[in-house]
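To keep things clear, I will list the structure first and then write my remarks on it.
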Amino acid sequence: MLYAILCYHDEATVCAWTKEQDAAVMGKLKVVQDRLIKEGRLGPVARLLPTTAATTLRKDSDPPLVIDGPFAETKEQLLGFYVIECAALDDALDIARDLGRANPGGSYEIRPIGLFMPGSAGA
Amino acid sequence: MSDIGWIDASLTSARPQAIGALLRYFRDLDTAEEAFQEACLRALKSWPQNGPPRDPAAWLIMVGRNLAIDQRRRSNKQEALPDEEAISDLGDAEADLAERIDGQHYRDDILRLLFICGHPDLPATQQIALALRIVSGLTVKQIARAFLVGESAMEQRITRAKSRVAAADLPFEAPGAVERSERLAAVAAMIYLIFNEGYSANAGEVDARAPLCEEAIRLARLLLRLFPAEPEIMGLTALFLLQNARTPARFAADGSIVLLDDQDRTLWNSGLIAEGLALIDKAMRHRRPGAYQVQAAIAALHARAARPHDTDWAGIDALYATLERLQPSPVVTLNRAVAVSKTRGAEAALAMIEPLAERLSGYFYFHGLKGGLLTQLGRKQEARVAFDRAIALANTATEAAHIRMHLDRVLRDSAPEHDALG
């Protein structure tokens, strides 16, 4: 069974870390990640850019509505995610609209990825 | 990260919101600041034992408010004894919070705090110093270092700014939509000043002034979280991120300026560039261009070019033309001339800047660019005159040394030089 671990933290606090503090946390995480890599168990890992860089496509309306900012509703739950290579935000929105036509309702939050490691688990 | 490290980061990020709310209660900057300090001292004692509160800013606001009320009552003996229930009771405080935490309220608190620090009555240097002290929580020593002045001079500057603000008519009422957008524009301009103050550093000052750029980025991100659909705030944030990304490549080991064309682009911070590009991308979708967005779009075209000759100079020329319309200024035209020199040649660029001669006669960069263009055209004698003038007007030894280097090349009769802003 593959498990996803979703990371939550106060963004303002994490953005207030100094370069050194950030590097220290990343260094400690890397120790754990390296062990998992050696064991062949680590899948993709992504560090997302801040929510200020996010755009949300609400697909409960037709045509879907594009809203600045992260997905903020609490009545819906996170059910999955995609990682897609896109030329620009408009490209990502087009793909999200295509996906939305196949599966209307709910929302997609489109969030640029800052750091991505493809990993090898389940390969 | 250690407990203290986590608490420090948490106090720093809660600061604008907490001081903003305390300012709304007490309508006095000093009281708000002291109340926040007291609350931080309590947090340092309480959080390691009890664990961090769910909402650190709300905790600091309530504790700070109660401590300040307590303090006021104690210093005013005429008044009745404090009502125990109203002070230092965290149980009540948490209950009170539930109804008080509402995004709009906090958004206006932070905006008001920033607006007051950037009060139009204050000269720019006082605005920046006050914002860094009150909103960012930098120490007077850190600010003095960033401004390259003594600590007591900076202390005085901040005290003067505070008394000026206290004497001014402060806007405590909830703002209407028009006022809110006016305040937002004033605050954005103040944050832009902070960034420029940091970015215009010399090589030797980069370490001291870097915190100004970092603070400006933090404040811009904060504004963007409060106003997520404002394209100009996206543009402002993107501009800072894209420019700051180049910092590691802007100076050579000997402290001399490295021009954009000559910078080692592998030194650019790719994380900041990714975020900046994502933000400008988002902003442009709104089709509501503004000066910050256009400047960010120019920085984005530089950031997207892996090598200098990949730069989309025609695009940059067009963006500067837009900026000239949005915010006409001879300096903007001067910058546009750099792009024109790349696309249409030095002759066209020179024709573009010649009408600016009178207005920019005291501007170092005008004569530097003119000298560079004349050199390209082989008009060496005129180039020397322009470079001499630039050296005389240089603000810093680094600038003067940079022009002297160009001058040396002219004298050595070397190949034509390109020039662009660093």
Side-chain angles (χ1 to χ4, degrees), chain A residues 8-29 31 46-58 64-74 83-94 96-97 109-117, chain B residues 1-2 4-17 52 54-57 103 110 136-137 210-211 214-215 217-231 233-234 237-238 241 248 269-286 300 304:
Chain A
Y8 291 88
H9 204 320
D10 174 32
E11 177 171 79
T13 302
V14 172
C15 282
W17 287 351
T18 61
K19 238 178 292 171
E20 292 72 28
Q21 286 172 322
D22 197 282
V25 174
M26 294 307 271
K28 281 194 237 171
L29 290 172
V31 175
R47 183 169 180 182
L48 305 179
L49 290 184
T51 54
T52 44
T55 307
T56 298
L57 185 85
R58 295 219 57 115
L65 203 60
V66 178
I67 300 166
D68 287 301
F71 176 72
E73 302 294 322
T74 48
V83 175
I84 301 170
E85 181 71 49
C86 297
L89 176 60
D90 278 335
D91 189 14
L93 281 168
D94 285 343
R97 285 191 192 95
E109 176 180 325
I110 293 129
R111 189 87 162 269
I113 292 179
L115 178 76
F116 183 71
M117 305 192 290
Chain B
M1 199 183 300
S2 69
I4 294 302
W6 188 88
I7 292 175
D8 251 6
S10 193
L11 294 178
T12 307
S13 73
R15 187 180 174 103
Q17 184 177 324
R54 206 167 35 80
D55 184 342
I110 296 175
S136 304
E214 281 156 25
E215 276 312 317
I217 288 174
R218 213 163 64 78
L219 293 173
R221 282 201 184 115
L222 171 69
L223 268 196
L224 192 52
R225 274 198 297 277
L226 299 174
F227 299 91
E230 287 294 333
I233 304 301
M234 295 175 203
T237 314
L241 292 166
N269 183 326
S270 56
L272 295 183
I273 289 177
E275 191 182 342
L277 293 178
L279 283 175
I280 190 64
D281 209 12
K282 254 180 92 166
M284 306 272 258
R285 292 192 68 259
H286 286 263
R304 282 183 201 277

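Since this is a predicted model, take the numbers as computed values, not measurements. Reminder, nothing fancy here: chain letters follow the sequence lines and each chain counts from 1.
The contact between A/Ala88 and chain B is made by backbone and side chain atoms together, counting heavy-atom distances below 4.5 Å. For a residue to count as touching a neighbouring chain, one of its non-hydrogen atoms must lie under 4.5 Å from one of that chain's; by this rule A/Leu115 does not touch chain B. Looking at B/Leu224, both its backbone and its side chain come within 4.5 Å of chain A, counting heavy atoms on both sides. With a 4.5 Å cut-off on non-hydrogen atoms, B/Arg221 touches chain A through its backbone and its side chain both. For a residue to count as touching a neighbouring chain, one of its non-hydrogen atoms must lie under 4.5 Å from one of that chain's; by this rule B/Met234 touches chain A with the side chain only. Heavy-atom distances place the side chain of A/Val66, and not its backbone, under 4.5 Å from chain B. Using a 4.5 Å cut-off between heavy atoms, A/Leu89 contacts chain B through both its backbone and its side chain.
Here the straight-line distance linking atom CD1 of A/Ile110 with atom CG of A/Leu57 works out to 5.5 Å at 0.5 Å rounding. To the nearest 0.5 Å, atoms CG (B/Leu219) and CD1 (B/Ile110) are separated by 10.0 Å.
In terms of the salt bridge (charged side-chain N to carboxylate O under 4.0 Å, His left out) criterion, A/Asp91 has no residue partners (sequence neighbours excluded).
Although no hydrogens or angles enter the test, the distance criterion places a donor-acceptor pair under 3.5 Å between the side chain of A/Glu11 and the main chain of A/Thr51. Listed for the A/Thr56 side chain is a donor-acceptor partner under 3.5 Å among the backbone atoms of A/Gly69. Side-chain atoms of A/Arg111 come within 3.5 Å of backbone atoms of A/Leu49 as a donor-acceptor pair (strictly under, hydrogens ignored).
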